[in-house]
*Asks:* 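Following this message is one structure expressed as structure tokens.
All values reported here derive from a predicted model rather than from experimental measurement. The basis for the numbers below is simple: all heavy atoms, side chains too, and nothing from hydrogens, waters or symmetry mates.
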Amino acid sequence: MKCSPTVLILVLAFAFTSCVLLKTDEQIDVVVAATDLDGGRKITDKDITIASMPVSRRTPDMPRKNSQVVGYTTKVPVSKGELILLSKLK
């Protein structure tokens, strides 16, 4: 079976485009719970850790530094590994 140059170019272009679209997104650091946190708990440095996530998933409600959550109190329970959103704090 012979392939025409046009078909070959289209296949290569599709493959290249797929690789670009599937490329790993740039990562950012975000604050997550290091342990299960009950509602009404004042957050300390020991309660949190930093994790990475794709920058494309970032929202303004996501803290990126410990100082944005330490000293605040949780409004609702937050599970270990869960992103601590600013809307869940008071």
*Asks:* Enter the distance from Lys65:NZ to Ile48:CD1 here, rounded to the nearest 0.5 Å.
*Replies:*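 Spacing of NZ (Lys65) from CD1 (Ile48) equals 13.0 Å.
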*Asks:* Distance-only, no hydrogens or angles: does the Asp61 side chain make a donor-acceptor pair with backbone N or O of Ser87 under 3.5 Å?
*Replies:*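 Flag set: sc Asp61 to bb Ser87 pair under 3.5 Å.
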*Asks:* Quick one: which of Thr44, Leu89, Asp45 gives a side-chain contact (heavy atoms from CB on, under 4.5 Å) with Val69?
*Replies:*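 That would be Leu89; it is the only one of Thr44, Leu89, Asp45 passing the side-chain contact (heavy atoms from CB on, under 4.5 Å) with Val69.
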*Asks:* Output every pair passing side chain to side chain donor-acceptor pair (under 3.5 Å) with a member in residues 67-84, not counting sequence neighbours, ordered by first then second residue.
*Replies:*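 Sorted pair list: Glu82-Lys88.
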*Asks:* With a 4.5 Å heavy-atom cut-off, do Pro54 and Glu26 have their side chains touching?
*Replies:* no
*Asks:* Would you mind reporting whether Met53 and Arg58 have side-chain heavy atoms less than 4.5 Å apart?
*Replies:* no
*Asks:* Measure the spacing between CZ of Arg57 and CD of Gln27 and express it to the nearest 0.5 Å.
*Replies:*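 Result: 9.5 Å between the selected atoms.
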*Asks:* Side chains of Leu83 and Val31: does their closest heavy-atom pair fall under 4.5 Å?
*Replies:* no
*Asks:* Is any side-chain heavy atom of Val78 closer than 4.5 Å to one of Asp47?
*Replies:*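 No, too far: nothing below the 4.5 Å cut-off.
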*Asks:* Quick one, Ser52 with Ile28, criterion side chain to side chain contact (heavy atoms under 4.5 Å, CB included). Give me CA distance, side-chain angles, the key distance, then yes/no.
*Replies:* CA-CA 5 Å; Ser52 292; Ile28 58 169; over 6 Å; no
*Asks:* Is it the case that one hydrophobic cluster holds both Val76 and Val70, taking links as side-chain heavy atoms less than 4.5 Å apart, direct or via other members?
*Replies:* no
*Asks:* Just by modelled atom types, is the Val30 backbone N or O under 3.5 Å from a matching donor or acceptor in the Arg64 side chain?
*Replies:* no
*Asks:* State yes or no: do Leu86 and Val32 share one hydrophobic cluster built from I, L, V, M, F, W and Y residues joined by side-chain heavy-atom distances below 4.5 Å, directly or via other members?
*Replies:* no
